[in-house]
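Shown next, in structure tokens, is the structure this report addresses.
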Protein chains: 2
Amino acid sequence: MTDLEILKKALDLFNEKGYAHVGMRELARELDISPGNLTYYFKKKEDVLAALLNQFSTLNTHTLESYLQLEPTNANFLQLMRNIFDNQFRFRGVYVGNQFFPVAVVEKKIFDYQSVVTKRKAIYQEIFSSLRKAGQLDLDDQDISFLVSFITLFGRFWITEATLFNKSPNKDEVIQHYLFLLARQLSLFSTEAGIKSIEEYRIKNRG
Amino acid sequence: MTDLEILKKALDLFNEKGYAHVGMRELARELDISPGNLTYYFKKKEDVLAALLNQFSTLNTHTLESYLQLEPTNANFLQLMRNIFDNQFRFRGVYVGNQFFPVAVVEKKIFDYQSVVTKRKAIYQEIFSSLRKAGQLDLDDQDISFLVSFITLFGRFWITEATLFNKSPNKDEVIQHYLFLLARQLSLFSTEAGIKSIEEYRIKNRG
DNA sequence: GTCTATACAAGGATAGAC
DNA sequence: GTCTATCCTTGTATAGAC
């Protein structure tokens, strides 16, 4: 038995039933080990959560880094957001499944979520600045901070809305829907070149 | 002891600690009654939740109804949203505290949340149509459905974002912040008259 | 009708045997 | 590294006092 095997099964169960509704005994049973043995690998249920949040955060960091290698275009940005949305969908059980996050997360004891959010905001600020410089978006500084606020909230909670009544909706369908909304918002601030780039993205992702 | 007293105290505790982190024994202790006595009034914890959700939903319905008596202007609309935001803040412990709602809510057994959401969407559709007809907003039909999607997500999850790291933030501050974002979004679709109305609202709510 | 006392099941967590 | 046994908290149900 390895940590990774346990985390894989745990994520499956969390995605299916929600973090709060999966017990350590149940997880152990699904892994064919005893509850006591499970706690040899993860002392507390929250440790399982923290490990998954770390996986998720690392994955997002990689996704963002590979975007930063590319040309700053609206099309590439939308592709980035699709990839991020994909990650969120994969980890929805830990990402949305928590009531409030356990106190331990809020108090940064097991995972410093707050600092992740701060860093992400700074990156989005950067991204929108580059898109402006590249002539894709027509923005003043206030518009940038508005778009950062928008993307922070929208980009975090679309998956919560999507899974509110159905924990496993059709992935491609929901991502398509929310990406469409995002593209529309982006187009409100786009230059002609930016609009063209959005159109290109649309065409490419239909064929 | 009355139902209302219990619900008041329960909401206080839920706002402070989150629904999942308040036990029936704790609630009873705070009310100076025995746990068994509490279950005389509310058989299950979920029944407390359902009662609060009903209070909240009724409050929102009244808030919306009194808006519908007024002139359709952006200023009145923003005032409506401020009132709604106020309600959400008051009930944040039951509104946010459950990202997935308990199974009983999702399955409509104790509270038909899904039908509330559907009705609210229809009302917002109406509201934006009137604002278009009144010359406040410049919209085609696609814009309307975009704005409805926007307001549904934004109007539901701002409070979740606001309470993510701090369960009791300064109410006026956070509402001001999110209302400002909403006004900005609205202004992207506003006519000159609409912009003026937003400005009027801003001036009125500073003095 | 209102309340207390108590019991039980389920789940997180821990100690210690092998 | 794996397991059993045990403890504690919490949701829930019920018997019965007043």
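Labels below follow one simple rule: chain letters A, B, ... track the order of the sequence lines, proteins then strands, and each chain is numbered from 1. Atom set for the values below is all heavy atoms of this structure, side chains included, hydrogens, waters and symmetry mates excluded. None of these values were measured; they are calculated from a predicted model.
- Regarding Met24(A), its CE atom lies at a distance of 9 Å from the C1' atom of dA13(C), rounded to whole Å.
- Residues from residues 30-43 of chain A placing a heavy atom under 4.0 Å of any atom in DNA chain D, listed by number, are Ile33(A), Ser34(A), Gly36(A), Asn37(A), Tyr40(A), Tyr41(A).
- For the pair Leu13(B) CG and dT10(D) P, the computed distance is 13 Å after rounding to whole Å.
- Atom NE2 in His21(B) sits roughly 16 Å away from atom P in dT9(D) (whole-Å rounding).
- Relative to the ring axis of Phe189(A), Arg132(A) does not place its NZ or CZ within 45° and under 6.0 Å from the centre.
- Seen from the ring of Phe56(A), Arg90(A) does not count as a face-on cation partner, given the 6.0 Å and 45° thresholds.
- In this structure, Tyr201(B) has its ring center at least 6.0 angstrom away from the ring center of Phe77(B).
- Per the geometry, CD1 belonging to Ile6(B) stands 12 Å off C1' belonging to dC3(C), to the nearest Å.
- Ring geometry, Phe150(B) versus Phe146(B): the interplanar angle falls from 30° to 60°, so the pair is classed tilted.
- Using a 4.0 Å heavy-atom distance criterion, Val22(A) is classed as a sugar-phosphate-only contact.
- One atom, NZ of Lys45(B), and another, P of dA10(C), lie 18 Å apart when rounded to the nearest Å.
- Put simply, CG on Leu49(B) is 14 Å from C1' on dG11(D), counting in whole angstrom units.
- Between Arg29(A) and Glu26(A) there is no salt bridge, since none of the side-chain N atoms of the basic residue sits less than 4.0 Å from a carboxylate O of the acidic one.
- In this structure, Arg92(A) satisfies the cation-pi test against Phe89(A), with its NZ or CZ atom closer than 6.0 Å to the six-membered ring centre and inside 45 degrees of the ring normal.
- Regarding Met1(B), its CE atom lies at a distance of 12 Å from the P atom of dT2(C), rounded to whole Å.
- Residue Lys44(B) contributes atom NZ, which lies 12 Å from atom P of dT14(D) at whole-angstrom precision.
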